[in-house]
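See below for the structure under consideration.
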Amino acid sequence: MTDKKETKKRKIAFPHMGTISYAWAAALRIIGCEPFIEPYTSKKTLSLGTKHAPEAICLPYKLILGNFIEAIEGGTDYVAMITSPGCCRLGEYGKCIENALHDLGYEAKYIELQLYDGIKGMYNFLKEASGKNNPLLFARAILIAILKVFVLDKLETTHSYYRAREVHQGDAEKHYLKCLKLVDETDTILGLKNAGKQIAQEMKKVEINPNKEVLHVDITGEIYVVNDEFSNQNIEKELGRMGVEVRRSLTVSSFLKDAIIPKIFRKGETHLQRADRLAKPYLMRDIGGDALECVSDVAYANERGIDGIIHLSPFTCMPEIMSQNIFPAMRENCEIPILPLILDEQTGRAGYITRIEAFVDLMRRRKRKRDLEIKQKDSETNEKNVVTN
Ligand code: SF4
């Protein structure tokens, strides 16, 4: 007789952060588990996390704890947490969350994914989550999850391009959501390749104004709040509405290139390698979190002559407090406007949007002034050439 308990799939919940759930879900499905996806992060998640977390801890901790409480209440069997060593609180997050859930009387099993152990850490995680030891199956799960992250990050960039230029507001988002579905529906390499092509076709359906005056902005900061639309109050959508094309400096795919993907499979300079190169005059070593990357992102955005950079950080985030204190010193060499935004459960929407609008106004005026100066210079040069000839 088959034991019912053994045939039942393990339900596994994980922290939400932007579109990362699509990659988690694919890996868990491939190893024979059931991904526990919804509910997504909401105000309820935030208030649950805030209620049971130390007051001064950073926002991602509160949201992840809230995700887990909701998942356990919803019937998940396991919660999967990402951990890593580090100079900031991230190194303690895992144990703290496990203890908090235990103190609240929850019995769901807790599993950790040791991120900085690279492929080995992922393998050990899949082994524990599935209760199996199947290297081929795990290799496929890791590969598909990584490929999905890359496809999704590319999709976000394409979405941002179309959203800033769309003729009918909301059109780009409508097609973007269809593309997300395409990515979610396939768990094979060939399927993802085809999804990539279909995405390009789908997004081309958005009617755009190619002559629109579009501003270019980079978003950097702590990786969780940069990639999680709930915690950053969907800043990219707001900027898109104002005609701004956004490029995220910190993406999950760039993180994977540095922390997970073996060197022989990488092409070009990684984000961390660029950070080491460009942050040096201002910050000499890694101080935890994403501070080194953020400082270098400002220098990189300035080097490319883009219109501005927004720095997002959770309130009390130690590495980002450091990077925000370095930005004023960078102004000596970097002309680029920087908008630092601090996020926590108290962040009010109206004030937040007003600051973004004021920043966009400033960038637009600066860009028009610069364009005018270039035009004047060009016409002066042309006049001189006419006289000489
Ligand atoms: S980087 Fe900042 S927000 Fe993230 S865990 Fe460390 S202290 Fe908290």
Side-chain angles (χ1 to χ4, degrees), residues 14-18 20 41 45-46 48-68 79-101 110 112-117 121 218-233 235 248-252 254-256 258-260 271-272 275-276 279 282-283 285-298 309-327 338-347 352:
F14 43 82
H16 282 290
M17 182 183 83
I20 194 80
T41 308
T45 318
L46 179 60
L48 278 171
T50 307
K51 188 174 166 197
H52 299 292
E55 192 188 348
I57 205 154
C58 29
L59 186 63
Y61 177 96
K62 292 174 185 169
L63 291 173
I64 294 171
L65 180 62
N67 283 153
F68 286 164
V79 290
M81 177 61 191
I82 291 171
T83 57
S84 80
C87 319
C88 73
R89 297 185 189 111
L90 187 60
E92 312 299 324
Y93 261 28
K95 208 71 213 146
C96 289
I97 286 193
E98 187 181 7
N99 288 342
L101 293 174
Y110 176 88
E112 277 185 353
L113 165 54
Q114 293 285 349
L115 262 190
Y116 283 85
D117 285 352
D218 277 7
I219 295 198
T220 189
E222 191 271 341
I223 192 164
Y224 182 95
V225 292
V226 168
N227 287 282
D228 182 58
E229 62 184 40
F230 176 82
S231 34
N232 65 37
Q233 303 202 19
I235 190 167
R248 263 182 232 168
S249 293
L250 267 154
T251 56
V252 182
S254 68
F255 171 80
L256 290 179
D258 277 311
I260 308 282
H271 194 186
L272 201 56
D276 266 334
Y282 313 100
L283 184 59
R285 68 172 186 91
D286 186 7
I287 53 165
D290 306 296
L292 196 71
E293 287 91 335
C294 291
V295 170
S296 72
D297 286 343
V298 172
I309 182 160
I310 298 180
H311 177 259
L312 300 176
S313 71
F315 181 56
T316 76
C317 169
M318 298 174 294
E320 298 316 326
I321 290 173
M322 296 291 286
S323 54
Q324 283 188 358
N325 278 287
I326 293 170
F327 296 155
I338 310 169
L339 175 67
L341 292 170
I342 299 172
L343 307 157
D344 74 351
E345 66 274 17
Q346 311 284 352
T347 309
Y352 184 73

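Counting starts at 1 for both ligands and their atoms, in listed order.
- Listed by chain and residue number, Y61 satisfy the ring-ring contact (aromatic ring centres under 6.0 Å, His included) test with Y93 (two or more places apart in sequence, or in another chain).
- Ion pair E98/K95 flagged as a salt bridge, since at least one NZ, NE, NH1 or NH2 atom sits closer than 4.0 Å to an Asp/Glu carboxylate oxygen.
- Y93 counts as a contact of ligand 1, since one of its heavy atoms falls under 4.0 Å from the ligand.
- Listed by chain and number, the residues in a side-chain hydrogen bond (donor to acceptor under 3.5 Å, both in side chains) with T45 are S42, E70 (sequence neighbours excluded).
- Heavy atoms of other residues, nucleotides or ligands lying less than 6.0 angstrom from OH of Y352 number more than 12.
- Within a radius of less than 2.8 Å around atom 2 (Fe) of ligand 1, the protein N, O or S atoms are C317 SG.
- Not a single side-chain hydrogen bond (donor to acceptor under 3.5 Å, both in side chains) links N232 to another residue, sequence neighbours left out.
- When the shell of 6.0 Å around CE of M318 is examined, it contains more than 12 heavy atoms from other residues, nucleotides or ligands.
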